[in-house]
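Numbering of ligands and ligand atoms starts at 1, following listing order. Fair warning: this is a prediction, and the values are worked out from it, not measured in the lab.
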Amino acid sequence: MITWGISSESHNAALSVFINDNLIFASESERFSGIKNDPQLNDGIINYALKFGQPELVCWYENPYKKTLRQLLAGQGWIQNVKKYVDVPIKYYDHHYTHACAGYFTSKFDECCVVVIDAIGEFQTLTIWEAKGNKLKLKFQRKYPHSVGLWYSAMTQRCGLKPNEEEYILMGMSAYGDKRVCEDAIYDDFIGGKPATFKKNFHRGCSDWRPDIKNNFDIAAATQSIYETMFRDIIQRASTIVKSKNLVLMGGCALNCVANPIAYYYFDNVWIMPAPGDNGSAIGAVLAHKKKHIDWHGPYLGYYIRPVVSNEEIVNHLMDHGLCGVARGRAEFGPRALGNRSLLADPRDPQIKSMVNDIKQRQQFRPFAPVIMEEYAEQYFRMPMKSSPYMQCAVRCKQSKKFPAIVHIDKTSRVQTVNSQQNAELYDLLKLWNEKTGCPMLLNTSLNIKGKPMVNDEKDCKEWEKTYGVKVFS
Ligand SMILES: [Fe+2]
């Protein structure tokens with residue numbers, strides 16, 4: 001039986017395909033339309049999904065009856081948009097529940113605590129669940145208008161950035177600011193009691209807040225610092241509510257890689273699914289329906305490009321030119337390029353960071369991440385965990401001077417570790433690079449341009465190469 005999971009009509013639409021209990025495809029809609037965070041499905045992703053066969057059931061990532069009764073009554077919105085593609089029964093599951101199911105049922109845990117922190121679904125904005133066997137029990141919830149995610153997005157907008165998209169830029173800016181300038185002001189004006197209550201509804205943002213504070217880097221520093229305190233309170237609370245060594249962390253806030261290492265102070269094992277935001281709920285909706293664990297083989301679930309170039313050629317090019325694009329195999333599901341749609345570069349070269357920022361048209365302060373063979377990670381980084389395959393935690397680099405291209409100003413790096421099971425081709429590429437250079441890591445950033453989604457298919461790769469003059473091996 002073929003089941004589709006859909007998360008759409010809000011932001012960053014996504015679709016997953018299951019054949020029986022096997023997850024065989026998942027992708028964001030944006031990869032097929034070329035529109036960053038595209039909220040709608042499109043013919044491209046639907047036709048690609050239909051190659052696996054006609055679905056018999058669609059599972060929807062939230063409960064529209066709770067969310068948009070008005071839209072239903074007006075005959076607008078999601079139902080019509082889905083029915084125009086496939087006219088099959090649709091089952092609906094609550095927004096935070098699908099987040100929680102996406103995390104728990106892709107994890108290896110048979111019991112754990114699940115924490116979901118996001119902007120808003122129907123009404124819930126923060127939930128804590130006890131997961132055991134095939135059941136998830138809600139233990140704590142915070143509801144709209146109190147919302148950590150809405151507040152962080154509002155502060156993103158206050159810093160002159162795009163809310164619901166550029167929160168990660170605020171996170172990067174935070175290391176350059178002085179939090180003392182406005183931390184008290186944010187607490188006084190916005191922050192309520194623990195955990196995660198607020199004095200204001202941030203649905204309409206706070207872009208006119210304290211115009212006398214001019215330096216956005218200081219606002220970013222204070223925002224990130226307060227978020228980390230809030231996150232610590234939430235995780236600490238969760239650890240007292242659900243007695244487990246295992247934590248699953250989900251929701252858009254689980255992308256805050258600077259804060260995420262805090263979770264390891266309270267739990268021994270932490271699983272963050274590589275698409276913890278609403279896109280991942282395309283998988284979570286089906287898992288909410290099936291109520292069982294699946295074999296998680298990794299995030300390489302999207303469009304397939306047949307590899308035709310050897311690692312030898314790629315490494316030789318990297319040694320001669322310092323950087324190149326690599327697009328092969330199945331595209332990553334989630335926001336990070338993890339080797340299959342990546343721009344790779346020599347992390348030792350002091351010029352590389354500004355070169356790559358120029359190519360990608362990004363602000364010069366923005367850091368890049370490394371990908372490293374798993375067995376070398378401990379030697380170069382202070383790892384609170386053995387492996388970090390999805391770039392979910394910023395950790396301190398032990399040799400920051402040697403690798404200027406992948407270390408942020410606070411000496412941290414958002415590390416991706418890789419072993420041969422996770423991505424054999426990428427691992428072999430690093431192995432060869434290490435044999436030739438003595439360096440077991442590469443800079444790894446997504447093969448895209450600011451404001452655009454990652455390249456998806458062969459045509460995108462050719463266009464990217466032609467436009468930016470950087471070789472793409474695909
Ligand atoms: Fe969400």
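- Close placement of the Trp209 and Phe190 rings is indicated, their centers lying within 6.0 Å of each other.
- Looking at Asp278, its N, O or S atom nearest to the Fe ion (ligand 1) turns out to be OD1.
- Its N, O or S atom nearest to the Fe ion (ligand 1) is what matters here, and for Asp118 that atom is OD2.
- Around the Fe ion (ligand 1), the two atoms NE2 of His99 and NE2 of His95 are separated by an angle of 100°, to 10 degrees.
- More than 12 heavy-atom neighbours from other residues, nucleotides or ligands sit within 6.0 angstrom of NZ on Lys353.
- Taking the centre of each ring, His408 and Tyr176 come in below the 6.0 Å mark.
- Among the atoms of His96, no N, O or S atom falls under 2.8 Å of the Fe ion (ligand 1).
- A cation-pi arrangement, defined by a distance under 6.0 Å to the six-membered ring centre and an angle within 45 degrees of its axis, is present between Arg362 and Phe368.
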